[in-house]
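Each ligand, and each atom within it, is numbered from 1 in the order the structure gives. Along the sequence shown, residues are numbered consecutively beginning with 1.
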Amino acid sequence: MVTRNIMVIKIGGSVTDRLHPSFFSTCVSLLERGWQPVIVHGGGPWINRWLEKAGITPRFVDGLRVTDADTLEVVEMVLAGAMNKHLVSQFTQAGARAIGVSGVDGELIRVKQRDPALGYVGDVTEVNPSMLQGLLDQGWLPVVASLGVDATGQHYNVNADHAAGAIAQALKAHTLAMVTDVPGIWKVDNGEKRVLRRVTPEQIDEMIADGTIAGGMIPKVTAGMRCLSGEVERVMIVDGRAPQEWKDGTQAVFAGTSIVREW
Ligand SMILES: Nc1ncnc2c1ncn2[C@@H]1O[C@H](COP(=O)(O)OP(=O)(O)O)[C@@H](O)[C@H]1O
Ligand SMILES: CC(=O)N[C@@H](CCC(=O)OP(=O)(O)O)C(=O)O
């Protein structure tokens, strides 16, 4: 079934300036090997930089940006503008037919306000996958900026991990790969930090409770676990700085931690 070839690849803002050149060629190889990749990106550090230029101090509550009307304007300009076009160009240079869209376009990501205290921060209520599916079927590589829109046409800032998870579920993707700036999920054993190759939802719950998993890793693992409880087969936390390699001949195996349903 063609939909099982979809791989949603979320690129974190932490790593957009430090992606290994082989990352882009690996994504192009995915296309050549029959996968249909969909890129979803964030851009937190770039947003912070532009907010500071505009004299606005970034503020976060539980990892989510407090987004008033002025902040939303900057978020939208950075995510759907500078960051989206930067990535589209990188993928184009690597040989893909890349096309940039945001969650506002085609009402791809429908949201509702999460909490008035956070301002224009949206929780995804619905993903309309037909536009993405159409682009994939025509051989495009969609590059999606994590914005959303509500029923009145108001735009919202959406956490990019949440957006990627919702898109993976709606497209019934085979794989969700979250590309970030660490080699995977780490754990401290006898004072030594080591990266886990596999982790189960039960272990993740314990690691969140004891503080081993914190900050920006929390939305990744929660989005990942939600996907695994649905139809997504594989969820990975991937190091975008590392050289990528091919294994199994047919499957791209990024270096990192896999979240697995059971051990
Ligand atoms: N157990 C953990 N394993 C790995 N990284 C963790 C863990 N707990 C917290 N983190 C942090 O999560 C960060 C990645 O999240 P974030 O900075 O939001 O990245 P991105 O911009 O890619 O979404 C890492 O740089 C790391 O500092
Ligand atoms: C609501 C909210 O916090 N939105 C994020 C959107 C970008 C994002 O998620 O970027 P990363 O992938 O770099 O984390 C923000 O404004 O930073």
Side-chain angles (χ1 to χ4, degrees), residues 9-19 23 39-52 56 58-68 70-84 86-87 102-103 109 111-115 117-124 144-148 155-167 176-189 193-197 199 203-224 236-241 256-257 259:
I9 301 173
K10 186 264 174 171
I11 305 177
S14 64
V15 79
T16 42
D17 294 329
R18 291 184 288 161
L19 286 165
F23 171 76
I39 309 297
V40 180
H41 67 85
W46 279 35
I47 297 170
N48 291 343
R49 214 162 58 227
W50 281 97
L51 283 174
E52 278 152 20
I56 302 170
R59 271 206 307 135
F60 293 87
V61 175
D62 293 336
L64 297 175
R65 187 184 303 281
V66 179
T67 307
D68 63 10
D70 288 341
T71 303
L72 179 66
E73 222 175 315
V74 175
V75 167
E76 198 158 357
M77 286 193 284
V78 173
L79 290 184
M83 178 57 79
N84 189 266
H86 168 74
L87 290 171
S102 81
I109 301 179
V111 299
K112 64 175 172 43
Q113 189 180 41
R114 183 182 179 92
D115 174 353
L118 290 172
Y120 296 106
V121 171
D123 270 343
V124 182
V144 182
S146 65
L147 297 167
H155 298 179
Y156 285 84
N157 182 8
V158 181
N159 172 274
D161 296 323
H162 295 163
I167 288 174
L176 169 63
M178 309 228 215
V179 180
T180 186
D181 67 344
V182 283
I185 299 176
W186 63 59
K187 189 174 187 290
V188 179
D189 260 344
K193 221 181 219 183
R194 78 186 168 87
V195 174
L196 303 173
R197 289 290 136 227
V199 64
Q203 288 174 301
I204 287 175
D205 288 341
E206 284 169 24
M207 289 166 75
I208 293 176
D210 71 15
T212 308
I213 292 179
M217 191 51 68
I218 294 178
K220 281 181 228 316
V221 295
T222 48
M236 294 199 72
I237 310 292
V238 170
D239 189 351
R241 306 161 307 167
T257 302
I259 305 178

For a 4.5 angstrom cut-off between non-hydrogen side-chain atoms, does Arg65 reach Leu51? yes
Check whether any side-chain heavy atom of Phe60 sits under 4.5 Å from a side-chain heavy atom of Asn48, and report yes or no. yes
Contact between ligand 2 and [X] is defined here as a heavy atom of the residue under 4.0 Å from a ligand atom; is it met?
X: His41; result: no
X: Val158; result: yes
X: Gly12; result: yes

Near [X], which atoms of ligand 1 are under 4.0 Å from a heavy atom of that residue?
X: Thr212; result: 1 (N), 2 (C), 7 (C), 8 (N)
X: Ile213; result: 1 (N), 8 (N)
X: Gly184; result: 3 (N), 4 (C)
X: Thr180; result: 14 (C), 19 (O), 20 (P), 22 (O)
X: Gly216; result: 15 (O), 16 (P), 18 (O)

[atom]: nearest protein contact (heavy atom, Å):
atom: atom 17 (O) of ligand 1; answer: Ser14 CB, 4.2 Å
atom: atom 14 (O) of ligand 2; answer: Lys10 NZ, 4.4 Å
atom: atom 16 (O) of ligand 2; answer: Arg65 NE, 2.6 Å
atom: atom 26 (C) of ligand 1; answer: Trp186 CH2, 3.8 Å
atom: atom 25 (O) of ligand 1; answer: Asp181 OD1, 2.7 Å
atom: atom 9 (C) of ligand 1; answer: Ala214 O, 2.9 Å
atom: atom 5 (N) of ligand 1; answer: Met217 CE, 3.4 Å

Examine ligand 1 and decide if any of its atoms is less than 4.0 Å from a heavy atom belonging to Pro45. no
If you round to the nearest 0.5 Å, how far is CD of Glu73 from CG of Asp68? 10.0 Å
Any N/O of Met207 closer than 3.5 Å to an N/O of ligand 1? no
N/O separation below 3.5 Å, Gly215 to ligand 1: no
For ligand 1, the portion of Lys220 having any non-hydrogen atom under 4.0 Å away: side chain
Could an N or O of ligand 2 be found under 3.5 Å from any N or O of Asn157, whether backbone or side chain? yes
Numbered in order shown, the ligand 2 atoms found under 4.0 Å of a heavy atom of Ala160 are 8 (C), 9 (O), 12 (O)
